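First up is the structure itself, then whatever we jot down about it.
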Amino acid sequence: MQSQGFEIPCQSRGVPNSGDDMAGTIAEAREGVITFNLGGRIATMHVIASPHGSFAEYGIAPATTTFLIPPKTPFQEVCRMISLAALTAAIALYRNLELPPPRRSAQRQMSLIIYSASSAVGTLAIKFARKSNIHPITAIAGKNKDLVHNLIHPSQGDVVLGDRDGEASVVIGVQQTIQRLGLRGVSYAFDTIANSTSVKLVAQLVKSGGDLNVIGPRRDGSAVPGNVKTSAAFVVVVRCQAFPLNDTFRMA
């Protein structure tokens, strides 16, 4: 089993086995698990701050955060790039922003901003949005803009904007995109950085009545206009409720 996690064992108060991203083969499935078979290649997200983490010979995780991986995909690659980041992106788009999942893809135009689009969470959010037929996507990225260009569909109105020239250039770029596509504004936004500067910037890009999701625990929302709905994508929510992800993770 490959693992990756960021808990500090000395802070776990009797739960010294840290590590939350895990990938490997199924050694045992408890009663009621019908989606997966013994020996299947899977990746999953361990319940944060609970026993049986991934830094052990065997780990335990919920079926609801588990998904199958292709035969040739290295376990360590899945841990490094997918599990936690993909769960976070999925929670943001499908649980918090309530966008349609891939199985029920969008049937109308749904404008979406993804801030820090070249990050691990940002790139996965773009892939999810594409699978859900969510367009146009305005991807705001830094020095890795070329990476993001390879992920979007310009024919669907998607565009990549750079943030290295300051906030004013981002605002102008979004306004120009709205005018070019004949939109009434941007309805949805996902800030994958969520510091005080980025939240303030992204909040002003969302139209009145729109939805803004930020990464991590809830932060100071004083910079967000009262007419913009806010939410936070924090992967620990998978500990509290079932979250059907098996179809969501079939990505190109």
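Nothing here was measured: the structure is a model prediction, and the numbers come from that model.
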Is the side chain of [X] donor-acceptor paired with the backbone N or O of [Y] at a distance under 3.5 Å, no angle test?
X: Arg41; Y: Pro70; value: yes
X: Thr73; Y: Ile69; value: no
X: Asp158; Y: Ile152; value: no
X: Asp191; Y: Tyr115; value: no
X: Ser111; Y: Ser187; value: yes
X: Thr65; Y: Ala61; value: no

With a 4.5 Å heavy-atom cut-off, do [X] and [Y] have their side chains touching?
X: Asn37; Y: Ile26; result: no
X: Lys131; Y: Ser105; result: no
X: Arg130; Y: His135; result: yes
X: Met110; Y: Ser132; result: no
X: Ile178; Y: Val186; result: yes
X: Asn213; Y: Thr230; result: no
X: Val224; Y: Leu212; result: yes
X: Phe190; Y: Ile113; result: no

Could you tell me the separation between the [atom1] atom of [X] and the [atom2] atom of [Y], rounded to the nearest 0.5 Å?
X: Leu93; Y: Leu112; atom1: CG; atom2: CG; result: 6.0 Å
X: Leu38; Y: Glu28; atom1: CG; atom2: CD; result: 8.0 Å
X: Tyr188; Y: Ile134; atom1: OH; atom2: CD1; result: 8.5 Å
X: Leu161; Y: Gln176; atom1: CG; atom2: CD; result: 9.0 Å
X: Asn96; Y: Lys229; atom1: CG; atom2: NZ; result: 8.5 Å
X: Glu167; Y: Lys200; atom1: CD; atom2: NZ; result: 7.0 Å

Shortest non-hydrogen contact between [X] and [Y], atoms and distance:
X: Ala27; Y: Tyr58; answer: CB-CE2, 3.8 Å
X: Ser118; Y: Asn144; answer: CB-CB, 3.7 Å
X: Ala129; Y: Tyr94; answer: N-OH, 4.4 Å
X: Gly157; Y: Leu181; answer: O-CD1, 3.6 Å
X: Thr192; Y: Ser119; answer: OG1-OG, 3.2 Å
X: Val228; Y: Ala203; answer: CG2-O, 4.3 Å

Answer yes if [X] and [Y] sit in the same cluster of Ile, Leu, Val, Met, Phe, Trp and Tyr residues linked by side chain heavy atoms under 4.5 Å apart, and no otherwise.
X: Leu124; Y: Leu147; value: no
X: Val33; Y: Leu68; value: yes
X: Leu183; Y: Val206; value: yes

* To do: Ignoring hydrogens and angles, state whether a donor on the side chain of Ser208 or Asn227 is under 3.5 Å from an acceptor on the partner side chain.
  =>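 On atom types as modelled, these side chains qualify, holding a pair under 3.5 Å.
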
* Asked: Under the side-chain contact (heavy atoms from CB on, under 4.5 Å) criterion, do Ile114 and Ile137 qualify, and how do the steps go?
  -> CA-CA 7 Å; Ile114 299 176; Ile137 300 170; 4.2 Å; yes

* To do: For Val171, check side-chain contact (heavy atoms from CB on, under 4.5 Å) against everything at least two apart and list the hits.
  =>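 side-chain contact (heavy atoms from CB on, under 4.5 Å) check on Val171 returns Gln175, Leu201, Gln204, Leu205.
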
* side-chain contact (heavy atoms from CB on, under 4.5 Å) involving Arg180 - partner list, sequence neighbours excluded ->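 side-chain contact (heavy atoms from CB on, under 4.5 Å) check on Arg180 returns Val159, Thr177.
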
* Look at atom NZ of Lys207 and say whether more than 12 heavy atoms of other residues, nucleotides or ligands are closer to it than 6.0 Å. =>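 Correct, the count exceeds 12.
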
* Take Ile42 and Phe36 through the side-chain contact (heavy atoms from CB on, under 4.5 Å) test and state the conclusion after the steps. => CA-CA 9 Å; Ile42 55 94; Phe36 307 101; 4.0 Å; yes

